[in-house]
Amino acid sequence: MNIEIENYWELLALHKSLMAVKFDQNSCLREAQGSPYTGSLAFKVFDQLVAASNEKQAADWIKWQEADDSRIETQLLHKHIKESEWWADSDQSQKEKYVRDFMAPLILNEQVFNEITKNC
């Protein structure tokens, strides 16, 4: 399957739409927030944005992608984990996969990623 994106602005609109769904604090689509399909799509759109950008824009996108504990998206992840019934019974690989999918296209720094997956 292929979707033809006409230009950078359509791609940016798709990215913003995905971010709005994934990181809406009052989302009624919680299943989309940690979905591996939504995560995969978010990374694909992000990669295309970087590829379609000039050198400075691409560097800015890569910097934007780096997430730490101060990001609202990370705080939302913490909230979801606290409210989940399955997290405590999950193994390490399930937790790591969920965190990556939830945060996509953002990438948590290693310290925060390890803290969340091992200590929450």
Side-chain angles (χ1 to χ4, degrees):
M1 273 188 228
N2 289 317
I3 296 175
E4 190 168 323
I5 305 294
E6 295 293 323
N7 56 48
Y8 178 85
W9 302 109
E10 280 189 351
L11 191 59
L12 184 60
L14 179 57
H15 167 73
K16 288 183 177 194
S17 298
L18 279 168
M19 293 297 291
V21 169
K22 286 184 60 60
F23 299 110
D24 179 356
Q25 294 190 27
N26 302 310
S27 178
C28 59
L29 296 172
R30 289 178 68 101
E31 66 276 7
Q33 292 176 313
S35 164
Y37 302 111
T38 308
S40 173
L41 184 57
F43 275 124
K44 288 176 184 178
V45 170
F46 179 81
D47 290 345
Q48 288 297 309
L49 275 172
V50 172
S53 297
N54 65 38
E55 193 173 322
K56 183 189 178 322
Q57 288 173 318
D60 288 345
W61 277 117
I62 298 299
K63 180 149 181 65
W64 171 87
Q65 187 182 36
E66 300 169 8
D68 61 19
D69 232 5
S70 69
R71 298 277 297 249
I72 59 169
E73 298 90 349
T74 309
Q75 298 307 311
L76 185 60
L77 171 63
H78 281 287
K79 181 179 181 237
H80 276 250
I81 289 170
K82 285 179 185 175
E83 294 173 355
S84 73
E85 296 177 12
W86 59 270
W87 183 264
D89 297 327
S90 295
D91 65 31
Q92 187 66 24
S93 65
Q94 289 172 310
K95 290 177 180 182
E96 290 174 1
K97 181 161 180 21
Y98 180 78
V99 168
R100 283 188 191 99
D101 290 336
F102 186 95
M103 292 301 293
L106 303 174
I107 299 174
L108 284 169
N109 70 42
E110 189 175 347
Q111 178 185 353
V112 175
F113 180 82
N114 289 332
E115 180 182 311
I116 291 171
T117 59
K118 294 177 180 164
N119 300 326
C120 283

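Each residue takes its place number in the sequence, starting with 1. Quick note: numbers below take in every heavy atom, side chains included, and nothing from hydrogens, waters or symmetry partners.
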ask   = Salt bridge or not for Lys56 and Asp60, using N-O below 4.0 Å?
value =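 Salt bridge: yes.
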ask   = Distance only, no hydrogens: is a donor on one side chain within 3.5 Å (strictly under) of an acceptor on the other, for Gln92 and Glu96?
value =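 A pair is found: one side chain offers a donor N or O, the other an acceptor, under 3.5 Å apart.
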query = Have Thr38 and Gln33 got a donor and an acceptor in their side chains that come within less than 3.5 Å?
reply =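 Judged by distance alone, the side chains do not pair up.
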Qualifying side chain to side chain donor-acceptor pair (under 3.5 Å) pairs, either residue in residues 1-17, two or more places apart =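 Those involving residues 1-17 are Tyr8-Trp61.
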Report yes or no: do [X] and [Y] belong to one cluster of Ile/Leu/Val/Met/Phe/Trp/Tyr joined by side chain heavy-atom distances under 4.5 Å?
X      : Y     : value
Ile107 : Val45 : no
Ile3   : Val21 : no
Met103 : Trp86 : yes
Leu11  : Phe43 : no

Taking atom [atom1] of [X] and atom [atom2] of [Y], what is their separation to the nearest 0.5 Å?
X     : Y      : atom1 : atom2 : value
Tyr98 : Ile81  : OH    : CD1   : 7.0 Å
Leu49 : Leu12  : CG    : CG    : 6.0 Å
Asp68 : Phe113 : CG    : CZ    : 15.0 Å
Ser84 : Lys79  : OG    : NZ    : 12.5 Å

Please give me the minimum heavy-atom distance between [X] and [Y], naming the atom from each residue.
X      : Y     : result
Pro105 : Gln65 : O-NE2, 2.8 Å
Ser53  : Ala58 : CB-N, 3.6 Å
Ser90  : Lys95 : O-CE, 3.5 Å
Asp101 : Gly34 : CB-O, 3.5 Å

message = I want to check something: taking the side chain as every heavy atom from C-beta on, are Thr74 and Ile116 in contact at a cut-off of under 4.5 Å?
response =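 The answer is yes; the side chains approach within 4.5 Å.
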key: Glu66 vs Asn109, side chain to side chain contact (heavy atoms under 4.5 Å, CB included): CA-CA, chis, key distance, verdict   = CA-CA 7 Å; Glu66 300 169 8; Asn109 70 42; over 6 Å; no
Using atom types as modelled and distance alone, determine if a side-chain donor or acceptor of [X] lies under 3.5 Å from a backbone N or O of [Y].
X     : Y      : answer
Glu83 : His80  : no
Glu73 : Phe23  : no
Asp24 : Ala20  : no
Ser35 : Ala32  : no
Gln75 : Asp69  : yes
Gln57 : Asn54  : yes
Trp87 : Cys120 : yes

query = Between Asn114 and Asn119, does a side chain to side chain contact (heavy atoms under 4.5 Å, CB included) hold up when you go through it step by step?
reply = CA-CA 8 Å; Asn114 289 332; Asn119 300 326; over 6 Å; no
inquiry  = List the residues meeting side-chain contact (heavy atoms from CB on, under 4.5 Å) with Ala13, not counting sequence neighbours, and say none if there are none.
reply    =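 Partners of Ala13 by the side-chain contact (heavy atoms from CB on, under 4.5 Å) criterion come out as none, since no residue qualifies.
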